[in-house]
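Inspection log for the structure reproduced underneath, given as structure tokens.
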There are 2 protein chains.
Amino acid sequence: MNHPAPPALARRPFPAELLDQLRSAFGERLSVSEAVRAHHGRDESPFDPQLPDAVVFAHSTAEVQTIVKLCARHGVPIIPYGNGSSLEGHLLAVQGGVSIDLSQMNRVLSINAEDLTVTVEPGISRKQLNEALRDTGLFFPIDPGADASIGGMTATRASGTNAVRYGTMRENVLSLTAVLADGRVVKTGTRARKSSAGYDLTRLFVGSEGTLGVITEITVRLYPQPEAVSAAVCAFPSMADAVRTVIETIQIGVPIARVEFIDSLAVRAINKHSNLTLREKHTLFFEFHGTAAGVEEQAQLVQELAAQHGGEGFEWATRAEDRSRLWNARHSAYFAMLQLKPGCRAVTTDVCVPISRLAECVVETENDLKASPLPCPIVGHVGDGNFHVAILIDPDKPEEIDEAERLNHRIVQRAIAMDGTCTGEHGVGLHKMDFLVEEHGADTIDTMRALKRALDPQNLMNPGKIFNWAA
Amino acid sequence: MNHPAPPALARRPFPAELLDQLRSAFGERLSVSEAVRAHHGRDESPFDPQLPDAVVFAHSTAEVQTIVKLCARHGVPIIPYGNGSSLEGHLLAVQGGVSIDLSQMNRVLSINAEDLTVTVEPGISRKQLNEALRDTGLFFPIDPGADASIGGMTATRASGTNAVRYGTMRENVLSLTAVLADGRVVKTGTRARKSSAGYDLTRLFVGSEGTLGVITEITVRLYPQPEAVSAAVCAFPSMADAVRTVIETIQIGVPIARVEFIDSLAVRAINKHSNLTLREKHTLFFEFHGTAAGVEEQAQLVQELAAQHGGEGFEWATRAEDRSRLWNARHSAYFAMLQLKPGCRAVTTDVCVPISRLAECVVETENDLKASPLPCPIVGHVGDGNFHVAILIDPDKPEEIDEAERLNHRIVQRAIAMDGTCTGEHGVGLHKMDFLVEEHGADTIDTMRALKRALDPQNLMNPGKIFNWAA
């Protein structure tokens, strides 16, 4: 494995006494089977699995508390597990320990439609949540490609196609409940829309990747279903033209709901995977939300900008089923791209740059990729300055892994030089720990480390992720 | 003084050696004069001043670093000072120490118009910032009543009348630079619109009230000046009617830019202070931003809702000078209200509740206030569920102070019972430390305390604020 990895960490002892205690507390919901452990020791990253010693399927905050207290007593690591869709190795048990599977904690605890909030357990997926909201006239907009769990999305500060309009998990989590490393349960906030009541513990846990505690309840914001929705597809002569259309859209303040870039190679992958017949050119997907008149007005403005940049026709998807076909195709892009190269895995980049630098960043990246032997489709949440290159590698070929990491590093260094970030929405996990130091500098990482040590002095919570325990 | 205060804290020794060192580094920009110290040991809270031992006027991050390192070496407290407009006692030197006056660090460091961001020094005020942006077509929306400094607004997680549309400092600070208690300088983020790059140190500093470090640079989001703006005033038969109009406006998703409640007593104060002739009834101020058609459409919808709740006419302020007269009056409300009772000071409440509970909360509060002998005008950012009661007291009458605190406590307990917060935008400071424990519980406060101790083990940074150092 040539992917950069943290210094090899020793697995910690897993005492038989802990296993007995967990078994007597959880019975059948404790598993040590190879298959279950293997399932929980991997994710969608290119890394080889690293298995936890045991998996417990938890049903409540109190049960999570029991597991954490037992593990703390024995100094055993804890890895929270939602839907397994991480791209960055978050779920690998690099020091062994207990994987707490939260997928059965998937209830909606309370819908407060009048306040535009809902409180859920962490295991519910974004699609399950929107299904539960169906009759309320409200929706939850954050949509990473995978049908991730809300807990996992909170832990990675996820976003997706709607973030340009509705924000990310950072803006949309109002409050959460977490079990800390010492087993105490804290609630970080209230359901008030804003607050100046002390340190923002909510935001500290959002994006903490399981390293500060196990999130067991989350209150998120909801939005009224827009009165009118309209989507469109437009092809462009070059990446730069597509991206410049987006930049101008943002700069003039059009409240566009979604604007996604899909390069010609990714379009080909999507066409094949989702049975579409899009022109295989660099393409933007748009969506507009608002009143009927507002949507009309936004669409008109954006259509003019696109025309100025050589956009070839605007194909409208006005029927709900056409729109949903389009966005399902977009959300399946990751799996579609994997099929461009049978048996491959993807090294996925996730840089995000200030929008003024986006065209330059994408064009320079395109030049890098043209010179590479690996297929590298690009998709991007370009309204946010965020794009992904899926570098498709044969995991058995070390030279392809090396080439992927070389490209990845160049892309990240370029983004950092442009005052951007190595990760817009996937998180750091195992894969970007070195990049994080390049991005923030040692003193900022030290500050993060001091916070981790204050809340988790035994380093039990998803150890080995984000940054090294020792400086 | 009958206001609740933290346990009396001993002033810490202020060594002559430190004074010499500061004098040799800062010359005339070090002051120990009684007048300067008195100015820096007070704010707009009802508390008696507590003077720092010295005041230093800093000009750069490096200078702040010098001061912090010297103070750290001598174990002397540090209190960052912006414009002195805190309402909660943030600036009082309860243990003595050095007040770092940042008002001369008021430069705009870079305007990135294409990215809709600006980087500033902390001493610039919100009006100075918007003046500097005048020719860019952009604006910075966050507007507490006072012309607060951007540093102070960051430190208190401030908001104001535009938060219902544009969010608070929580959503609008992209990144910041801070000098930590040990003198190290950290930058918390990049200019990317979103990021999953490790712990959200930006949000940890936003709202930390000077207790974790001194903020010396801030990058905030900007917004395009809307194409069309329209403002209106409407009077209502009761508080409940006004508030219900607002609740329905939010619930149907009208992207209203501002919606402010002013009760009849506050209207009287504003009329007198700002030479207006508003009807002295419970009133809403509205503002709509968007395209010409969009503003028209929003205004139409809201006008219909208001009519359904007995709103009596909509008076439009379409000319820029009329709007600015209206909003200047609103921003002067605090000082206008003080003039209702000559020589008074105000105990200002700041609760924020989920919007579904707002009507009930306001009506019950109104009943409390009717039964009180003190004049208590109410203004509120009701689109956020946040309102302020200015309880006007004679600071020389202990019985009035007691009555004010009794009312304050009732209002806070009601908000907490409704899953709201004791402070929507003013911060905790000295005044709400007990309320914070009621709101969050001891374990959550312990978690905040653990973070503080990790980053500031000597308790040098604005000690005695937000929560007690010892549990």
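Order of the sequence lines fixes the chain letters, A, B, ..., with proteins taken first and strands second; residue numbering starts at 1 for each chain.
- For A/R191, the parts sitting under 4.5 Å from any heavy atom of chain B are the backbone and the side chain alike.
- Contact of the A/K452 side chain with the A/L212 side chain is registered, since non-hydrogen atoms from C-beta on lie closer than 4.5 Å.
- In this structure, the side chains of A/T154 and A/L176 come closer than 4.5 Å at one or more pairs of heavy atoms.
- For the pair B/D446 and A/V186, the minimum side-chain heavy-atom distance is 4.5 Å or more.
- Contact annotation for A/I416: neither backbone nor side-chain heavy atoms come within less than 4.5 Å of a heavy atom of chain B.
- Note on A/C352, A/G207, A/A450: by heavy-atom pairs under 4.5 Å with chain B, the leading option is A/C352.
- Ring-centre distance between A/F467 and A/H440: not below the 6.0 Å cut-off.
- Considering only heavy-atom pairs separated by less than 4.5 Å from chain B, the leading option among A/G167, A/G383, A/G137 is A/G383.
- Between A/H431 and A/H426, the ring center distance fails the sub-6.0 Å criterion.
- Ranked by heavy-atom pairs under 4.5 Å with chain B, the first of A/A454, A/G424, A/A178 is A/G424.
- Ranked by non-hydrogen atom pairs under 4.5 Å with chain A, the options B/T291, B/I466, B/V353 are led by B/T291.
- Proximity of B/H381 to B/H388: side-chain heavy atoms (C-beta onward) are separated by under 4.5 Å at one or more points.
- Both the backbone and the side chain of A/D443 come within less than 4.5 Å of a heavy atom of chain B.
- With a 4.5 angstrom heavy-atom cutoff, A/E209 touches chain B only via side-chain atoms.
- In this model, a donor atom of one side chain and an acceptor atom of the other lie less than 3.5 Å apart for B/K194 and A/S159.
- Interface remark: A/I355 contributes backbone and side-chain atoms alike to the contact with chain B (heavy atom separation under 4.5 Å).
- Between chain A and the residues B/V428, B/T423, B/L455, the largest count of heavy-atom pairs under 4.5 Å involves B/T423.
- Looking at A/N112, there are no atoms closer than 4.5 Å to chain B (heavy atoms on both sides), in backbone or side chain.
- Side chains of B/Y199 and A/T211: a donor on one and an acceptor on the other come within 3.5 Å.
- The greatest number of non-hydrogen atom pairs below 4.5 Å with chain A, out of B/E171, B/Q225, B/M169, B/E297, is found for B/E297.
- Contacts between A/K465 and chain B at a heavy-atom distance below 4.5 Å are absent for every atom of the residue.
- In terms of heavy-atom pairs under 4.5 angstrom with chain A, the leader among B/P354, B/G385, B/A192, B/A415 is B/P354.
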